[in-house]
2 protein chains.
Amino acid sequence: MKGNANIIRPYYSEKCPVIKALEILGGKWRLAIIWELSHYKSLRYNELKRHIDGITNIMLTRSLQVLEQHHLINRTDYGQIPPHVEYSITADCQALLPALEIINEWGKTRIEVHRAQS
Amino acid sequence: MKGNANIIRPYYSEKCPVIKALEILGGKWRLAIIWELSHYKSLRYNELKRHIDGITNIMLTRSLQVLEQHHLINRTDYGQIPPHVEYSITADCQALLPALEIINEWGKTRIEVHRAQS
DNA sequence: CAGTATCCTCTAAGATACTG
DNA sequence: CAGTATCTTAGAGGATACTG
């Protein structure tokens, strides 16, 4: 597990909750994973990978591990061969969804801005 | 202006608004700056710096520039000597505040978790 | 199917010093 | 007061190949 630690080092994060949250959520793919998972009861590893265009195995794995460590997602291994693993968001994570809705809507307008400029 | 570009490269961002938003907001200090500014009508450069513990000149300057480019903050230069510059958030940016409220509340619980563990 | 193991690159972040 | 100019570096992100 390398290049896998949190993006932002502590200290100010212990005072500012917004910074603290970014420390946990700020990876390139983390919010996208949460957002994607939030639309399903659960998703398998490769399903999730197919949903998130451009993500690689390592990045998906690393991101999932970080999110799991922070109790934002549940990992359920059905202990079968071939493997069957399902991911879902936790109740803790649900609290963030209203924020993600807003960010998603806001992001849409940014894509329009971007298109209009190019 | 180096090391100042957006954190996340395009492509998937053009499809996923959440990724797009992160591309603009995902810097280490950007949300903190917006969050801080949102509590005031406007703040001067050094006031802002004093509010955000740990931020350096370059990081504040760079972050403010990026945010201004994306029309998230207004920069008002009063053209005086000594300089007098005020920063405030734009109407565009206001739309994000409800999300920041949620993230802030969520972040508080994470700080508690962090404390309980150490 | 669901991941690891290696290796590498790039750049965001920062330290330090200086300025109109 | 409100920044800029330079230089450096840690580590996030990724390419590629492999595995139980």
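Just so it is clear, the values below take in all heavy atoms, side chains as well, and ignore hydrogens, waters and symmetry mates. A, B, ... follow the sequence lines: proteins, then strands. Residue 1 opens every chain. Remember, it's a predicted structure, so these values are computed and weren't measured experimentally.
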Any strand: nucleotide that pairs with dT6(D) via Watson-Crick or wobble, under 3.5 Å
dA15(C)

As its Watson-Crick or G-U partner within any shown strand, both distances under 3.5 Å, dC7(C) has dG14(D)

Contact under 4.0 Å: [X] side-chain N or O vs [N] OP1/OP2:
X: Gln65(B); N: dT4(D); value: yes
X: Arg75(B); N: dG3(D); value: yes
X: Trp29(A); N: dG14(D); value: yes
X: Asn46(A); N: dA2(C); value: yes
X: Lys49(B); N: dG3(D); value: no

Rounded off to whole Å, could you give me the [atom1]-to-[atom2] distance for the [X] and [N] pair?
X: Leu31(B); N: dA12(C); atom1: CG; atom2: C1'; result: 16 Å
X: His51(A); N: dA2(C); atom1: NE2; atom2: P; result: 13 Å
X: Glu23(B); N: dT11(C); atom1: CD; atom2: P; result: 13 Å
X: Ile58(A); N: dG3(C); atom1: CD1; atom2: C1'; result: 11 Å
X: Ile52(B); N: dA2(D); atom1: CD1; atom2: P; result: 14 Å
X: Glu68(A); N: dA2(C); atom1: CD; atom2: P; result: 15 Å
X: Ile73(B); N: dA2(D); atom1: CD1; atom2: P; result: 14 Å
X: Arg30(B); N: dA13(C); atom1: CZ; atom2: P; result: 7 Å

[X] side chain, from C-beta outward: closest of [options]:
X: Asn57(A); options: dG14(C), dT4(C), dG13(D); value: dT4(C)
X: Arg44(B); options: dG3(C), dG14(D), dA2(D); value: dA2(D)
X: Tyr45(A); options: dA13(C), dG3(C), dG14(D); value: dG3(C)

Checking [X] side chain against [Y] main chain: does a donor-acceptor pair fall under 3.5 Å?
X: Thr90(A); Y: His71(A); result: yes
X: Tyr40(B); Y: Leu48(B); result: no
X: Arg30(B); Y: Ile24(B); result: yes

Between Thr61(B) and Tyr45(B), is any side-chain donor less than 3.5 angstrom from a side-chain acceptor?
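Indeed, the side chains of Thr61(B) and Tyr45(B) share at least one donor-acceptor pair under 3.5 Å.
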
If you apply the rule salt bridge (Lys or Arg N to Asp or Glu O under 4.0 Å), what do you find for Glu47(A) with Arg50(A), and how did you get there?
CA-CA 5 Å; Glu47(A) 281 179 320; Arg50(A) 263 175 259 123; 5.6 Å; no

Side-chain touch [X]/[Y], heavy atoms, less than 4.5 angstrom:
X: Ile55(B); Y: Lys49(B); result: yes
X: Leu97(A); Y: Leu100(A); result: yes
X: His70(B); Y: Val66(B); result: yes

So if I take residues 80-88 of chain A and measure heavy-atom distances to DNA chain C, which residues fall below 4.0 Å?
Pro82(A), Pro83(A), His84(A), Val85(A), Tyr87(A)

Ignoring hydrogens and angles, answer whether the base of dG14(C) and the side-chain atoms of Arg62(B) contain a donor-acceptor pair closer than 3.5 Å.
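Checked by distance alone, the answer is yes.
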
